Structure formats: structure tokens, C-alpha cells
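Residue indices begin at 1 and follow the sequence shown. Predicted model only: the values in this text are computed from it and were never measured.
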Amino acid sequence: MTIFSVRHSTVYRYVRPVAFGEHRLMFRPRDSFDQRLLEATLVVEPTPKQIRWIHDVFGNCVALIDVTATASELRFQSHIRLDHTPDAGLDLQIDEKALSYPFAYANDEIADLEHTIERHYPDRDDEVGRWARQFVRVGHPTETGHLLMTLCYGIHESFVYERRAARGTQSPVQTLQLRRGTCRDFAVLMMEAARSLGLAARFVTGYIYVPSRDGSITRGGGSTHAWCQIYLPGAGWVEFDPTNGIVGNRDLIRVAVARDPRQAIPLTGSYDGDASYYDGMSVQVNVTTEDTMP
């Protein structure tokens, strides 16, 4: 058992006081059998008139925040503690019918999975599909688990990670051509590659625990992180982090899942004023472990 503590701070700054529109925040992790939320606090400055919690269409926890005061700084500070059970994911308990690729999803699942199987990004020449099919063995059975692990490790080993402050993701074709990107770019590339093979895939946003920030080769720490899940009969939604070559949930803290990354932006909102009023933002995420020994 591991107890993770996550402190997440986001600060927006303006050159003069401004009024704020509603902000939508997704910082609260999803409770599940492999991660159990123990504590969650949220502090917003200026103090909001109202914080309203809802579940979105995917079952994610979303805070809708109404700040009525004007200010030159808007601050969100979240602290969560959760009990995390690591799953290496290297011994996937896949149904026998899906052990080898290709396979077909059951009829009672396909109705719910179909929109996570269809391609979401233009790929006129099927570059992503052709790249994904190189991991499928020709003339011999392809083990489904091995196929997806190889795809995940292929991105990890052959692409260059780089931070990018700008919102949004590159298209999968761009990432494939550039051979570089952020964690969210790599997640979307793996999702579209899996979808090109007829597999259901969805986007995950959350946090990653980095044992040592100094000199660590784990990428994506110090901010929110992104990876993906692939649905495999018998195993369910399996975590794949192509940025770090992680299969399973080791060191990964799920906050939200979605069909597309635009549906799982950690924090969005607006202010009333000229664009020149905006003076930048800062984000700091610290993920630590607690000693559970007596």
C-alpha cells in the first residue's frame, strides 16, 4: 500500500483587477479499487461565491467555481491524499478470445465502445495506421498484450519528450512526423494508433509520482500528466503511459478519463477584460509518498 499526497497550485495573474467567469476544475481523482481517495481540499482565492460539484458524462468529478470578486490574481490550491495499489500490468488477464489480435468486441460492449474506437483526427494518407500496423506480425499470430506493450515502448524509445506550455495537442500525424511532443501528444498518438487497429482507447489526465525530481528520467512530473487506456476484454481498461513506457498504473494517479483530451482539461475558465490584461500563469504540482510503516 502506498499513500500519495498531491499538492497542485495554479495561479493566474493580471496587470489590473478583472472580473471572472465560471471556472471548471478537474483535480479530484476517481475512486476505484486501485486508488481510494482519503482526503481532498480545495482553496480558491479570492473566495468564491459558490463551488458546485457535478459528475460529467464520463463520471469524472468536476468543480464549477463562481468567483464574483474582482482581483489581479486568481489562485487555486488543491491537496489530495489517496491510497494507491500498484498494478504492474505486464500479466494482463485477457479473455481467451482476445489473446490474439485481431479480435472482436462482444455485441453488448460495442454499443458503448464504438465512439472510442472511431478515429478522431484527420489522417488522409493513413500514416498513423501504417505506423501502427508495423507492430502486427505478418503470417503469425500477434499476442494482443505484446502488441500494445510494443506500441507503448515504441513511442517511449523512439520519440523525444518536450514540455510545451501552449494548450491543446498536436495531431497524431504531426507527432509522428516530428518524432517529439508532450505527454498528451504521445497519449493521443497511441490512442489513434490503437483505434486504427480497431481497438477502443480513451484519454487519461492525472498525476505521476517521480521518486526523485533531481536527475529523474521520469517525464511529466511537476505538472499534470497524461496517458491513455485501451479496453481489452477480460482485463478492462488498461493503463498505457507511452511517455514513460509504463504499462499498468504504477506511479500513475487517475483524475479524469475522456474520449478526447479536450474533454479532460484540468482547469478552464474566463475573465472579463482585454487580452493585454493577462500577465501569465504558474503551475506547480508536488506528488509525494507518506511512510505507512508503524
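Other residues, nucleotides and ligands contribute more than 12 heavy atoms inside 6.0 Å of the CZ atom of Arg119.
In this structure, Arg259 contributes its side chain and Phe203 its backbone to no donor-acceptor pair below 3.5 Å. Side chain of Thr142 to main chain of Arg137: a donor-acceptor pair is present (N/O by atom type, distance under 3.5 Å, no hydrogens or angles). Glu22 places no side-chain N or O within 3.5 Å of a backbone atom of Gly269 that could act as its donor or acceptor partner. A donor-acceptor distance shorter than 3.5 angstrom exists from the side chain of His156 to the backbone of Thr243, with no hydrogens or angles considered. In this structure, Gln170 contributes its side chain and Arg180 its backbone to a donor-acceptor pair below 3.5 Å. Looking at Asp274, its side chain never comes within 3.5 Å of a backbone N or O of Tyr277 through a donor-acceptor pair.
Phe4 and Tyr209 have tilted rings, their planes meeting at an angle from 30° to 60° on a 0 to 90° scale. The aromatic rings of Tyr12 and Tyr278 are tilted relative to each other, their planes meeting at an angle between 30° and 60°. Under the 30°/60° scheme for interplanar angles, the aromatic rings of His8 and Phe27 are found to lie parallel.
His115 contributes atom NE2, which lies 15.0 Å from atom CZ of Arg202 (distance to the nearest 0.5 angstrom).
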| request: Could you go through the side-chain contact (heavy atoms from CB on, under 4.5 Å) check for Leu176 and Arg130 one step at a time? | output: CA-CA 11 Å; Leu176 190 60; Arg130 286 189 282 110; over 6 Å; no
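By the criterion of side-chain heavy atoms lying less than 4.5 angstrom apart, applied directly or through intervening Ile, Leu, Val, Met, Phe, Trp or Tyr residues, Phe135 is grouped together with Ile117 in one hydrophobic cluster.
Residues meeting the side chain to side chain contact (heavy atoms under 4.5 Å, CB included) test with His79, sequence neighbours left out: Ser5, Arg7, Glu39, Thr41, Arg81.
There is a side-chain donor-acceptor pair under 3.5 Å between Tyr121 and Asp260.
Applying the under-4.5 Å side-chain rule to Ile, Leu, Val, Met, Phe, Trp and Tyr, the cluster around Val62 extends to Met26, Ile54, Leu64.
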